[in-house]
Amino acid sequence: MASTLTKPAPPSAAPAAVRRRTRVLALPEARWALAALVLFLLGLPPALLGAPAWVWGTLFAATYVTGGWEPAWEGLKALRNKALDVDLLMVVAALGAAAIGQVLDGALLIVIFATSGALEAVATARTADSVRGLLDLAPTTATRLLPDGTEESVATGGLVIGDVVVIRPGERVGADGRVLAGASEVDQATITGEPLPVVKETGDEVFAGTLNGTGALKVEVARDASDSVIARIVRMVEEASETKAPTQLFIEKVERRYSLGMVAATPAVFLIPLAFGADPTSSLLRAMTFMIVASPCAVVLATMPPLLSALANAGRHGVLVKSAVVMERLGQIDAVALDKTGTLTEGTPRVTTVRALTGHDGGEDGRDGGEHGRDGGEDGCDRGEHGGERRREEGEEECGRAGDVYGPGGDGRGPDEDRVLALAAAAEHPSEHPLARAVVLAAHARGHRLAPAEEFCSTPGVGVTALVDGDTVEVGAPARLLNGTGDAYSVRAATVSAELEADGHTAVLVKVNGVPAGVLGIADRLRPDASVTVAALTRLTGTAPTLLTGDNPRAAARLAAEVGITDVRAGLLPQDKVAVVREQEGAGRRVLVIGDGVNDAPALAAAHTGIAMGRAGSDLALETADAVIVRDELATVPAVVALSRRARALVVQNLVVAGVFITGLVLWDLVGTLPLPLGVLGHEGSTVLVGLNGLRLLREAAWRRAAVAAAG
């Protein structure tokens with residue numbers, strides 16, 4: 001096809017993609033640490049070779065200033081807020097060493113401490129880079145189409161809803177929107193995870209940052225740049241990074257009291273040896289070394305790096321975990337409850353059957369001329385003797401409506417079914433429910449023009465009601481709409497609904513002016529990864545998930561059997577789903593709920609942890625859930641649970657490592673003679689070690705291992 005849709009804009013060089021990787025020396029901590037290291041290395045030879053003190057003393061003094069001023073300033077600010085910062089303790093220890101003539105040891109302490117701080121800053125920056133790097137997927141400029149047909153190049157951040165942009169072959173899409181014209185294959189693996197390019201035609205949705213293929217597209221912008229899928233991923237992960245997990249909060253609470261106790265114990269470490277005749281200089285060095293090695297830096301750093309690394313890694317793979325709290329809680333779940341439509345299934349159900357409830361055999365439904373008063377003009381309709389020659393006569397409005405709804409007699413096909421579908425689609429058109437969209441799409445596919453719906457009302461778990469062309473149309477679950485009435489139409493509706501449900505369809509009843517007019521059979525396809533996911537979640541929790549659905553029991557049971565679920569709760573209203581979750585949590589279970597719709601939101605909020613399916617999920621579900629599967633890959637759920645458990649395991653590892661180092665160094669200092677530089681090296685080394693151990697979860701291999709572990 002042609003590569004352009006409009007007159008091309010003047011050629012311009014495409015801006016090169018900016019790699020969002022923070023340079024080490026762009027960090028002030030790294031620059032000051034490097035300066036301190038260089039000054040220390042310059043002063044070390046003169047000090048060891050016996051040069052005049054002013055030569056190496058000046059260089060070491062500069063080392064103290066460059067490496068120590070920033071932690072000293074931060075420590076003083078913390079002290080002003082009545083908090084004890086370990087940074088200040090390090091600087092005090094270095095100055096104390098210099099005061100008793102251990103200038104070289106104090107300078108080495110400053111260098112080690114500054115280098116440790118620089119490494120932590122680099123690790124933190126790399127974590128942020130991995131998240132912000134998603135923004136590089138979106139181009140910085142886009143070609144906007146003006147009303148007169150000309151084009152202009154604008155910054156993507158300046159695009160507004162309603163703008164039309166031209167996406168040429170090989171270009172990246174600049175904004176989330178819908179295709180107005182053109183056709184192409186778009187590689188959207190970065191957003192949805194789909195391995196193959198997806199054909200995009202008029203009406204299809206495209207995402208910012210995805211790569212266009214060989215065709216050209218006109219796209220109407222549907223979201224502001226700040227609200228695009230990519231921007232939301234970045235924003236949610238960055239917000240999550242600012243939260244603290246319960247373990248971290250507990251550690252910080254203990255750390256504040258521990259630090260005060262450690263400072264109070266330091267004078268005792270100095271004074272007790274003096275009371276037994278120890279040398280003041282050695283006692284002071286011992287006390288300063290104790291203050292350093294007993295500091296809980298490694299313990300404080302044990303928790304957040306693993307959780308934040310896991311959070312960032314999950315974000316890169318399309319799972320938005322909204323906080324470190326959630327990342328920690330995911331690893332604690334021991335029960336799972338799944339919604340059906342849009343979660344276990346693809347969420348794009350299709351109308352496969354339309355059954356009108358009239359004109360089936362001339363007598364069964366009372367349409368054969370008399371049983372329901374339709375014959376011989378009793379209602380002015382001549383539906384029996386005259387074969388439907390007159391549909392509506394002046395002044396006979398009630399019968400006229402019935403004629404419009406039911407159409408002529410016969411075999412129940414043709415106009416009867418088309419009219420039922422058209423009315424149902426008109427009533428469902430304002431609804432966002434997946435079943436409603438299926439009905440509307442089926443009506444459009446048959447070429448029906450939908451009448452406007454008035455007085456629309458939707459009741460979650462029941463259905464919708466609307467006024468269409470003067471008729472009151474109700475569309476919803478047969479069990480809710482029939483209310484046990486025993487008239488012929490209700491009996492016929494219940495029979496047809498049961499037949500469809502026995503075949504694995506979801507039955508949707510259509511009532512017109514209070515009378516059952518037809519039943520729609522709707523079927524949805526199981527997600528390709530549904531069975532694998534259910535099996536993985538069963539292995540992770542030790543029990544099979546529970547299926548929670550508002551659908552009928554037979555259809556739910558049939559689908560559950562396909563994926564290996566035995567505990568099926570069907571025909572549930574939103575409050576019923578919440579009741580099931582609370583029942584399981586009352587039994588001591590920590591329940592993970594996975595859903596997508598408005599009716600799932602209460603259960604998502606009530607659960608220990610809630611995950612929403614991103615592509616088909618309602619706005620309410622996405623806001624309520626603790627995590628969102630952006631790429632709509634159900635198989636990522638067990639992977640992120642396994643990753644969370646790995647992060648929790650690393651937290652325990654880090655706490656053990658930190659505890660061993662602190663205990664060993666403190667005992668060495670109190671029982672033996674621990675040199676100050678070696679104490680600093682052990683303390684800072686353990687801090688860096690636990691930090692780097694947690695950052696292992698940033699690697700791609702960590703996600704792969706979690707996926708393999710989840711799969712068993």
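Note: hydrogens, waters and symmetry copies are ignored here, and every other heavy atom, side chains too, is used.
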A.B. asks: Please identify each residue that fulfils side-chain contact (heavy atoms from CB on, under 4.5 Å) with Leu49, with sequence neighbours left out.
C.D. replies: none
A.B. asks: Can you tell me if Thr266 uses its side chain to pair, donor with acceptor, with the backbone of Ala287 under 3.5 Å?
C.D. replies: no
A.B. asks: Would a 4.5 Å heavy-atom cut-off, applied to side chains only, mark Val321 and Asp626 as touching?
C.D. replies: no
A.B. asks: Do Leu650 and Arg646 have side chains that get closer than 4.5 Å, going by heavy atoms?
C.D. replies: yes
A.B. asks: Compare all side-chain heavy atoms of Leu274 with those of Pro280 and state whether any distance is below 4.5 angstrom.
C.D. replies: yes
A.B. asks: Strictly distance-based, threshold 3.5 Å: is any side-chain N or O of Asn212 a donor or acceptor partner for the main-chain N or O of Gly170?
C.D. replies: no
A.B. asks: Which atom names give the shortest non-hydrogen contact between Ala625 and Ile611, and what distance separates them?
C.D. replies: CB-C, 4.1 Å
A.B. asks: Under the rule for ring-ring contact (aromatic ring centres under 6.0 Å, His included), what residues qualify as partners of Trp668, not counting sequence neighbours?
C.D. replies: none
A.B. asks: For Glu585, give me all partners under side chain to side chain donor-acceptor pair (under 3.5 Å), at least two apart in sequence or on another chain.
C.D. replies: none
A.B. asks: Backbone N or O of Leu330 within a donor-acceptor pair of the Arg590 side chain at under 3.5 Å?
C.D. replies: no
A.B. asks: Scan for ring pair (Phe, Tyr, Trp, His ring centres under 6.0 Å) pairs involving residues 289-327, sequence neighbours excluded, and state none if there are none.
C.D. replies: His317-Trp703
A.B. asks: Take Glu633 and Thr636 through the test side chain to side chain contact (heavy atoms under 4.5 Å, CB included) and record every step on the way to the result.
C.D. replies: CA-CA 6 Å; Glu633 294 176 333; Thr636 57; 3.5 Å; yes
A.B. asks: Is there a side-chain contact between Gln332 and Arg645, using heavy atoms and a 4.5 Å cut-off?
C.D. replies: no
A.B. asks: Can you find a heavy atom in the side chain of Thr63 that is under 4.5 Å from one in the side chain of Leu42?
C.D. replies: no
A.B. asks: Nearest 0.5 Å please: distance from the CG atom of Leu39 over to the CG atom of Leu34.
C.D. replies: 9.5 Å
A.B. asks: In Å and rounded to the nearest 0.5 Å, what is the CG to CG distance from Asp279 to Leu285?
C.D. replies: 9.0 Å
A.B. asks: Report the distance from atom CG of Leu104 to atom CG of Leu44, rounding to the nearest 0.5 Å.
C.D. replies: 5.5 Å
A.B. asks: Identify the two heavy atoms, one from Ala30 and one from Ala118, that lie closest to each other, and give their separation to 0.1 Å.
C.D. replies: CA-CB, 3.8 Å
A.B. asks: Which residue pairs satisfy the ring pair (Phe, Tyr, Trp, His ring centres under 6.0 Å) criterion with at least one member in residues 636-660, sequence neighbours excluded?
C.D. replies: none
A.B. asks: Could you list the residues that satisfy ring-ring contact (aromatic ring centres under 6.0 Å, His included) with Trp73, not counting sequence neighbours?
C.D. replies: none
A.B. asks: State, with a plain yes or no, whether a side-chain heavy atom of Val165 is found less than 4.5 Å away from one of Thr143.
C.D. replies: no
A.B. asks: For the CH2 atom of Trp56 and the CZ atom of Phe40, what is their distance to the nearest 0.5 Å?
C.D. replies: 11.5 Å
A.B. asks: Could you report the tightest heavy-atom contact between Met613 and Ile594, atom names first, then the distance?
C.D. replies: SD-CG2, 4.1 Å
A.B. asks: Can you sort out the partners of Leu667 under side-chain contact (heavy atoms from CB on, under 4.5 Å), two or more places apart, ordered by chain and number?
C.D. replies: Thr663
A.B. asks: With sequence neighbours excluded, tell me which residues meet side-chain contact (heavy atoms from CB on, under 4.5 Å) with Val55.
C.D. replies: Pro46, Pro52
A.B. asks: Can any side-chain N or O of Thr210 pair as donor or acceptor with the backbone N or O of Phe207 at less than 3.5 Å?
C.D. replies: yes
A.B. asks: Of all heavy-atom pairs between Ala639 and Ala710, which one has the smallest distance, and what is that distance?
C.D. replies: N-CB, 4.0 Å
A.B. asks: Measure the spacing between CG of Asp669 and CG of Leu674 and express it to the nearest 0.5 Å.
C.D. replies: 5.5 Å
A.B. asks: Check salt bridge (Lys or Arg N to Asp or Glu O under 4.0 Å) between Asp334 and all other residues, then give those that pass, not counting sequence neighbours.
C.D. replies: Arg589
A.B. asks: Check whether Tyr64 reaches the backbone of Val103 with its side chain - one donor and one acceptor, N or O, closer than 3.5 Å.
C.D. replies: yes
A.B. asks: Checking Asp224 side chain against Val160 main chain: does a donor-acceptor pair fall under 3.5 Å?
C.D. replies: no
A.B. asks: Is the shortest side-chain heavy-atom distance between Ile333 and Val591 below 4.5 Å?
C.D. replies: no
A.B. asks: Donor-acceptor check, side chain of Arg223 to backbone of Asp176, threshold 3.5 angstrom: yes or no?
C.D. replies: no
A.B. asks: Under 3.5 Å, is there a donor-acceptor pair between the side chain of Ser644 and the main chain of Gly331?
C.D. replies: yes
A.B. asks: Taking only residues two or more places apart in sequence or in another chain, which ones pass side chain to side chain donor-acceptor pair (under 3.5 Å) with Arg699?
C.D. replies: none
A.B. asks: Run the side chain to side chain contact (heavy atoms under 4.5 Å, CB included) check on Arg316 and Leu698 step by step: do they pass?
C.D. replies: CA-CA 10 Å; Arg316 289 204 308 269; Leu698 275 176; 4.1 Å; yes
A.B. asks: Identify the two heavy atoms, one from Leu307 and one from Met327, that lie closest to each other, and give their separation to 0.1 Å.
C.D. replies: O-CG, 3.8 Å
A.B. asks: State, yes or no, whether a side-chain contact exists between His608 and Leu592 at a heavy-atom distance under 4.5 Å.
C.D. replies: no
A.B. asks: With rounding to the nearest 0.5 Å, note down the distance linking CG in Asn313 to CZ in Arg704.
C.D. replies: 10.0 Å
A.B. asks: Is there a donor-acceptor contact under 3.5 Å from the side chain of Arg329 to the main chain of Thr609?
C.D. replies: no
A.B. asks: Please enumerate all residues that pass side chain to side chain donor-acceptor pair (under 3.5 Å) together with Asp163, with sequence neighbours excluded.
C.D. replies: Arg144
A.B. asks: What is the minimum heavy-atom distance between Arg286 and Gly672, and which atoms define it?
C.D. replies: NH1-O, 2.7 Å
A.B. asks: side-chain contact (heavy atoms from CB on, under 4.5 Å) with Ser686: which residues, sequence neighbours excluded?
C.D. replies: Ala298, Phe661
